[in-house]
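Below: the structure, in structure tokens.
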Amino acid sequence: MTTVTLKNINKTYEKNTIIENLSLDIHSGEFIVLVGPSGCGKSTLLRIIAGLESLNSGSIIIGDQDVTDLPAGQRSLSMVFQSYALYPHMTVRENLAFGLNNVKTPKDEITRRITQAAKMLQLEELLDRLPQNLSGGQRQRVAIGRSTVQQPKIFLFDEPLSNLDAALRVEMRQEISQLHGNLHNTMIYVTHDQVEAMTLADRIVVLYKGKIEQVGTPLELYNRPENLFVAEFIGTPKINILPATFQGNALHIANDVILPMANPPATLQQGDKVFIGIRPEHLRLGEAADYQFDASAKFTELQGDSTLVYLDLAGQSVCLKSFQQLNFTSGTALTLGVDEKHLHLFDALGKRLAH
């Protein structure tokens, strides 16, 4: 198992800054997920770690070795791409063996590694098929198998599930998680899908415009987002954000929506503008709560095991998630409740307020 240390990484294309002064410590054996919107620099960062992209400044240390200037083939890592990158004229067995043959691995060792990978990834019945005769999920398992037979210290995954349908993505997430549980290698995984990030990661790195917004476990990011960007990016459905003013030890969302606070953040001053974040599942209908306020239904989305209710609250659109099957006509008057412990407070610049 191997650590990865990134120190002050900078990357620009012409005049565009892609990654700016980024530093990160990745623990040995950790499954870390780089997540963020398109263009945030996550795939570029992965390719820099792999040695497929140069950097303008900074250093990359794998274990105790500085690999900043080493070519990709000498970094003891393997990468799984979004496009599978299988050789179409080779069988699964030949695809798995290709890299090992190139470095003149003994034939009996190649056979042993292929047998082991095929058993782990349920490829035993597919070894003599061509890629064109495989499903998308099977092709991705072959791509992962080709990485595992290399026995790298580090696995890199670049949005490996984005070409699969929803059911296959769930299945492959489980298989990748089991693979990490079996091998215990350091794994660095890039995705724009925050559900993948939440379900796979030991820690998540949230990137935006080439900078790290927050690093933490999935629950740390969900329960205590450091800023508005992380709060809105992590969580489905999206967190409700309501602008408010702090006045007289209370949060004023509107003239008739006032939330008195027993213990307001010490840094808040009278008249400060703030943002209140409330997760949709923390809003309740007609139940006793620290705060209650009136709203009107706009429309509902029945999802089988739950219902999303979209409402108007003092001119602001909010979403409530209920684990009941509900249906409200537009304009139905409803009473919402929420407890103070479920409020996320951010200052006017979007930074989390201690609360």
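Quick caveat: nothing in here was measured; it's all calculated off a predicted structure. In this chain, residues are counted from 1 in sequence order.
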So, [X] side chain and [Y] main chain: donor-acceptor pair closer than 3.5 Å or not?
X	Y	result
Glu287	Arg284	no
Gln214	Pro225	no
Arg129	Val92	no
Arg139	Leu86	no
Thr5	Asp25	no
Asn240	Arg279	no
Asp290	Glu340	yes
Asn227	Lys351	no
Asn223	Leu219	yes
Asn8	Leu22	no

Interatomic distance, [X] atom [atom1] to [Y] atom [atom2] [nearest 0.5 angstrom]:
X	Y	atom1	atom2	answer
Gln65	Ile60	CD	CD1	12.0 Å
Leu121	Gln178	CG	CD	10.0 Å
Arg173	Leu161	CZ	CG	7.5 Å
Tyr222	Ile204	OH	CD1	12.0 Å
Ile253	Ile276	CD1	CD1	4.0 Å
Arg224	Thr217	CZ	OG1	12.0 Å

query = Can you name the residues that form a side-chain contact (heavy atoms from CB on, under 4.5 Å) with Gln174, not counting sequence neighbours?
reply = Val170
query = For Leu130, what residues pass the side-chain contact (heavy atoms from CB on, under 4.5 Å) criterion, not counting sequence neighbours?
reply = Thr91, Gln132, Asn133
Same apolar cluster: [X] and [Y], side chain cutoff 4.5 Å:
X	Y	value
Ile26	Val33	no
Leu343	Val318	yes
Val190	Ile144	no
Ile61	Leu77	no

message = Using the rule given for side chain to side chain contact (heavy atoms under 4.5 Å, CB included), can you reason through Asn10 versus Ile19, listing the C-alpha separation, both sets of side-chain angles and the distance that settles it, and then say yes or no?
response = CA-CA 5 Å; Asn10 286 280; Ile19 298 172; over 6 Å; no
Per the ring pair (Phe, Tyr, Trp, His ring centres under 6.0 Å) rule, what does the pair list look like for [range], sequence neighbours excluded?
range	result
residues 307-337	Phe299-Tyr310
residues 31-74	Phe31-His180, Phe31-Tyr189
residues 92-140	Tyr87-Phe98
residues 101-136	none

key: Residues Asn163, Tyr84; criterion side chain to side chain contact (heavy atoms under 4.5 Å, CB included); working and verdict   = CA-CA 10 Å; Asn163 288 336; Tyr84 317 138; 3.8 Å; yes
message = Show me the pairs that pass side chain to side chain donor-acceptor pair (under 3.5 Å) and involve residues 315-326, at least two apart or across chains.
response = Lys298-Ser317
Could you tell me which non-hydrogen atom of [X] sits nearest to which non-hydrogen atom of [Y], and how far apart they are?
X	Y	result
Cys40	Tyr208	CB-CA, 4.0 Å
Leu336	Ala295	CD1-CB, 3.8 Å
Ala117	Thr148	CB-OG1, 3.5 Å
Phe157	Leu46	O-CD2, 3.4 Å
Ser59	Thr68	CA-OG1, 3.2 Å

message = Run the side-chain hydrogen bond (donor to acceptor under 3.5 Å, both in side chains) test on Asp312 and Ser296 for me, step by step, so that the C-alpha distance in whole Å, both residues' side-chain angles and the decisive distance to 0.1 Å come before the verdict.
response = CA-CA 5 Å; Asp312 181 277; Ser296 61; 4.6 Å; no
message = Quick one about Ser78 and Gln150 (side-chain donor to acceptor, distance below 3.5 Å, no hydrogens or angles considered), yes or no?
response = no
Is the shortest heavy-atom distance from the side chain of [X] to the side chain of [Y] under 4.5 Å?
X	Y	value
Leu6	Ser23	no
Glu94	Asn101	no
Leu156	Val80	no

ask   = With sequence neighbours left out, what residues match Glu226 under side-chain hydrogen bond (donor to acceptor under 3.5 Å, both in side chains)?
value = none
key: With sequence neighbours excluded, residues passing side-chain hydrogen bond (donor to acceptor under 3.5 Å, both in side chains) with Asp347   = none
key: Partner residues of Lys11 under the salt bridge (Lys or Arg N to Asp or Glu O under 4.0 Å) criterion, sequence neighbours left out   = Glu53
Less than 3.5 Å apart, which donor and acceptor atoms pair up between the side chains of residues 241-249 and the rest of the protein, not counting sequence neighbours?
residue: Thr245; atom: OG1; partner: Lys273; partner atom: NZ; Å: 3.1
residue: Gln247; atom: OE1; partner: Gly271; partner atom: N; Å: 3.4

key: CA sep, side-chain torsions, deciding dist, call: Arg141, Glu171, salt bridge (Lys or Arg N to Asp or Glu O under 4.0 Å)   = CA-CA 11 Å; Arg141 286 206 297 272; Glu171 181 183 325; 3.6 Å; yes
inquiry  = I need the full list of salt bridge (Lys or Arg N to Asp or Glu O under 4.0 Å) pairs touching residues 186-201, with sequence neighbours left out, sorted by first then second residue.
reply    = none
ask   = Does a salt bridge link Glu30 with Arg203, judged by any charged N lying under 4.0 Å from a carboxylate O?
value = yes
ask   = Under the side chain to side chain contact (heavy atoms under 4.5 Å, CB included) criterion, do Val257 and His252 qualify, and how do the steps go?
value = CA-CA 6 Å; Val257 182; His252 295 248; over 6 Å; no
request  = Could you please spell out the steps behind the side chain to side chain contact (heavy atoms under 4.5 Å, CB included) verdict for Ile154 and Asn185?
outcome  = CA-CA 6 Å; Ile154 302 165; Asn185 289 61; over 6 Å; no
